[in-house]
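Note sheet for the following structure.
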Amino acid sequence: MPIRFHNTLTRRIEEFVPATPGEVRMYHCGPTVYSTPHIGNYRTFLLGDLLRRFLEWQGYKVEQVMNLTDVGHLLEDAEEGEDKLEAAARKARKTAWEIAEHYAQEFFAGLEFLHFLPAHHYPRATTHVPEMIAMIEALEQRGYAYKVASGNVYFDISRFPAYGRLSGNTAEELEAGARIEINPEKRDPRDFALWKIDAKHQMQWDSPWGRGFPGWHIECSAMSRKYLGESFDLHTGGEDNVFPHHECEIAQSEAASGKPFVRYWLHARHLLVDSTKMSKRLGNVHTAQSLQSLGHSGDALRLALQKAHYREPLNFTLASLDEAERKVARYRDTGVRLRDAAATAAATEAAASTRQAVDGLRARFAEALADDLNVSVALAVLDEAVGEANRRAPHGGDAAALFGLLRELWGVFGLLQKSLESTPLADADILALIAERDAARKARDWKRSDELRDLLKQRGIELLDGKDGARWRRSGR
RNA sequence: GGGGGCAUAGCCAAGUGGUAAGGCAACGGAUUGCAAAUCCGUUAUUCCCCGGUUCAAAUCCGGGUGCCCCCUCCA
């Protein structure tokens, strides 16, 4: 089955063909660790996770890298000001290094909460300065870099005519915009910094151009080359990264290696919250931690952040998260029901009609995602599969087949990866209360039965009455 | 000011020329001691507005309105 992705480089949906058959190497622009990542960041990162899960499900061996930007970069093109990392450090009365470490840990906690598959590498800029220096030296040797009196080193755009290919920002268009402040030490306003000298900057390294720090763009070029090679298959990031960040990465990497850099560029649309962009002023900035402390589950947040196509606007609201919460609960209930129905009945082979239904659903789900990750259609197929499972109320082999399918499809979305592994064990006293209520119901003592149901509810246990006594689940999240 | 994208029911959202998927919510029904869960059914003559092309348009073209992204740190 051909897989197709929208490639920002060509602005077209193209068939995805990795350089090495069966293997995919991909790089994701990760967080700048100067504040707690918000759910918009995670939406973008989830694009990478979905790609990973989908491609692996399709049988590819995937090598995945996500960087952490832990060098501040506000000074990119300005001569004054303070970068965000250092500003955060000053506020917190900590060093930039401490700030970076703190927020890196928060970032990883968010990944865990959202059940990300760990990337194979999470390289940090501060531990790859030698690689960056080596790349800048290569650029210098090839005549793509120049040093000015201040000690700063810039990339020479005039030597790289393809600059602008990714973003469509041609020289003429950038000039028409006329919002680029002229930095007199640059030969061309579009030239960008490779190495900066600034005595005030906390993070400093020795280099052939003096003690200073690397430009923002060079880190991704240097680190992707180290872990994935000079050319690789997929590179993702937020839509804001298209220009200038990725444009500059292409220029540096291709100028340094003389080879094509990335085959397919995928960019995620920014998340909206309450129909507008997130801002501290509006108080609509949500983080994984803030939603977790409201009692929400990682599964529901994942679903809420993945339910729209990655290139379409997605509006996040707390109501949409509640909806996702109910949906996940439905999935979980169906999953537990199937699992138990498969386990309790004698092992049998699934009926032909079940196998046919399972294969058909799986194929349609795969086709949807192969079509540039059409998650809306894929989730519709998933809901159909859940409905099918509930309708058939299967046992034995049929239940096992449907359970296997659902686990597979949920797995591609990263849903219910942990909560189905083990039935949450109830404390003995809770089991006793449930047994007591079952006895009360049998005796038609509805008053006592309802009392016990309320009592259990207070303790977070929801009962699902059935013919053979009550099933139960942890309520809510 | 320049460039790019989006606009489909109360809400979310598929669908890029052939006569509107799916989900949530709501309502009706089955089931239930009552609920919950589950199942069945109902809910857009219409796709932001105006004009055009076509036998045929949510889908193509022109104009307008609104929102988002980039051009400046940003997922």
Side-chain angles (χ1 to χ4, degrees), chain A residues 8 11 28-32 34-35 37-48 69 72-78 81-85 87 164 167-170 172-181 190 216 236-245 247 267-272 275-278 303-304 307-317 319-320 322-324 326-327 329-330 333-334 337 368 371 374-384 386-387 389-393 440-441 444-447 449-450 453-454 457 462-467 470-473 475:
Chain A
T8 308
R11 287 175 194 72
H28 314 301
C29 277
T32 301
Y34 67 89
S35 67
H38 52 63
I39 57 174
N41 298 110
Y42 288 112
R43 182 199 188 184
T44 298
F45 304 151
L46 278 168
L47 168 61
T69 298
H73 288 293
L74 189 74
L75 291 172
E76 182 58 28
D77 276 332
E82 187 176 29
D83 76 55
K84 290 198 172 184
L85 236 156
S167 62
N169 283 334
T170 61
E172 302 74 56
E173 276 165 356
L174 285 169
E175 269 167 37
R179 278 178 59 182
I180 297 176
E181 279 186 36
R190 295 170 300 158
W216 171 36
T236 74
E239 59 180 325
D240 56 304
N241 280 153
V242 174
F243 188 90
H245 186 49
E247 197 75 75
H267 290 97
R269 192 69 189 268
H270 275 191
L271 180 73
L272 300 179
S275 303
T276 187
K277 76 189 283 186
M278 261 185 282
L303 184 57
K307 72 177 202 169
H309 186 84
Y310 70 96
R311 281 187 294 111
E312 295 291 327
L314 168 60
N315 185 30
F316 178 90
T317 61
S320 75
D322 285 335
E323 184 183 322
R326 287 190 293 274
K327 178 71 76 178
R330 175 178 159 87
D333 289 347
T334 300
R337 221 168 3 245
D371 180 17
N374 190 333
V375 292
S376 299
V377 169
L379 287 171
V381 174
L382 173 54
D383 278 337
E384 203 180 310
V386 169
N390 285 324
R391 219 174 355 262
R392 290 176 179 240
R441 289 188 73 229
R444 309 183 76 80
D445 182 354
W446 310 128
K447 183 164 175 287
S449 168
D450 288 348
R453 181 165 65 192
D454 290 344
K457 191 174 183 182
E462 198 172 337
L463 294 170
L464 310 163
D465 287 335
K467 285 200 171 72
R471 307 172 56 83
W472 61 276
R473 69 177 184 212
S475 63

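Just so it is clear: chains get the letters A, B, ... in the order the sequence lines come, proteins before strands, and each one is counted from 1. Being a predicted model, the structure only gives us computed values, none of them experimental.
Checked for salt-bridge contact, A/K327 and A/D383 meet the test: a charged N lies under 4.0 Å from a carboxylate O. A salt bridge between A/K457 and A/D454 is absent, with no side-chain N of the basic residue lying under 4.0 Å from a carboxylate O of the acidic one.
Under the Watson-Crick and G-U wobble criteria, each requiring two contacts below 3.5 Å, nucleotide B/C73 is left unpaired. Under the Watson-Crick or G-U wobble criterion, with both distances below 3.5 Å, B/G17 is left unpaired in every strand shown.
Closest contact between the side chain of A/Y34 and the listed nucleotides B/A75, B/C70, B/C69 involves B/A75. Residue A/E312 has its side chain nearest to B/A14 when only B/C34, B/A14, B/G5 are considered. Out of B/C74, B/C69, B/A14, the shortest distance to the side chain of A/H309 is found at B/A14. In this structure, of B/C39, B/C6, B/A37, it is B/C39 that holds the atom nearest to the side chain of A/R330. Listed nucleotides: B/C6, B/C24, B/A75. Nearest to the side chain of A/R326: B/C24. Comparing atom distances between the A/N41 side chain and each of B/C68, B/A75, B/G23 picks out B/A75 as nearest. If you check B/C12, B/C74, B/G23 against the side chain of A/K327, the one that comes closest is B/G23. Here the side chain of A/N374 is nearest to one of B/G23, B/A21, B/G15, namely B/G15. If you check B/C69, B/C34, B/C6 against the side chain of A/E239, the one that comes closest is B/C69. Comparing atom distances between the A/S376 side chain and each of B/C24, B/A75, B/A14 picks out B/A14 as nearest.
Contact of the A/C29 side chain with the A/N241 side chain is registered, since non-hydrogen atoms from C-beta on lie closer than 4.5 Å. Between A/H38 and A/L271 there is no side-chain heavy-atom pair separated by less than 4.5 Å. The shortest distance between side-chain heavy atoms of A/F45 and A/H28 does not fall below 4.5 Å. Residues A/E323 and A/K307 are in side-chain contact: their nearest non-hydrogen atoms beyond the backbone lie under 4.5 Å apart.
Residue A/R453 places a side-chain atom within donor-acceptor reach of the base of B/C34, judged by atom type and a 3.5 Å distance cut-off alone. The base of B/A35 lies close enough to the side chain of A/D465 for a donor and an acceptor atom to sit less than 3.5 Å apart. Within 3.5 Å, no donor on the side chain of A/S167 pairs with an acceptor on the base of B/G4, nor the reverse.
One C1' atom belongs to B/G29, the other to B/C6, and the distance between them is 40 Å to the nearest Å. Taking atom P in both B/G10 and B/U16, one finds a spacing of 24 Å when rounded to whole Å. When the P atom is compared between B/A21 and B/G62, the two are found 29 Å apart, to the nearest whole Å. Straight-line distance between the C1' atoms of B/G17 and B/C39: roughly 38 Å, to the nearest whole Å. Atom C1' of B/A9 sits at a distance of 23 Å from the matching atom of B/C68, rounded to the whole Å. Spacing between B/G66 and B/U42 at atom C1', rounded to whole Å, works out to 33 Å. Comparing B/U65 with B/C24, their C1' atoms are spaced 29 Å from each other, to the whole Å. On the P atoms, B/C61 is 34 Å away from B/A75, given to the nearest whole Å.
Contacts of A/G237 with the nucleic acid, taken as non-hydrogen atoms under 4.0 Å apart, involve only primed sugar atoms and P, OP1 or OP2. Backbone-only contact: A/R337 has heavy atoms under 4.0 Å from sugar-phosphate atoms and none from a base. If you check every strand for non-hydrogen atoms under 4.0 Å, A/P37 touches nothing. Among the protein residues, A/L271 comes within range of the nucleic acid bases, having at least one heavy atom under 4.0 Å from a base atom. Note on A/D450: a base of the nucleic acid sits closer than 4.0 angstrom, heavy atoms only. At a threshold of 4.0 angstrom between heavy atoms, the contacts of A/R43 with the nucleic acid are absent. Within the 4.0 angstrom heavy-atom criterion, no nucleotide atom of any strand lies near A/T317.
Residue A/K447 contributes atom NZ, which lies 20 Å from atom P of B/A35 at whole-angstrom precision. Taking atom CG on A/D454 and atom P on B/C34, their separation rounds to 17 Å, with Å as the unit.
The residue among A/R444 and A/A380 whose nearest nucleotide of RNA chain B lies closer to the 5′ end is A/A380.
Side chain of A/R43 to backbone of A/G238: no donor-acceptor contact under 3.5 angstrom is found. Remark: the backbone N or O of A/V377 is paired with a side-chain donor or acceptor of A/N374 at under 3.5 angstrom.
In terms of phosphate contacts, A/N241 brings no side-chain nitrogen or oxygen within less than 4.0 Å of OP1 or OP2 of B/A75. Neither OP1 nor OP2 of B/A35 sits under 4.0 Å from any side-chain N or O of A/W446.
By the criterion of a centre-to-centre distance under 5.5 Å and near-parallel planes under 30°, the ring of A/H38 forms no stack with the base of B/A75.
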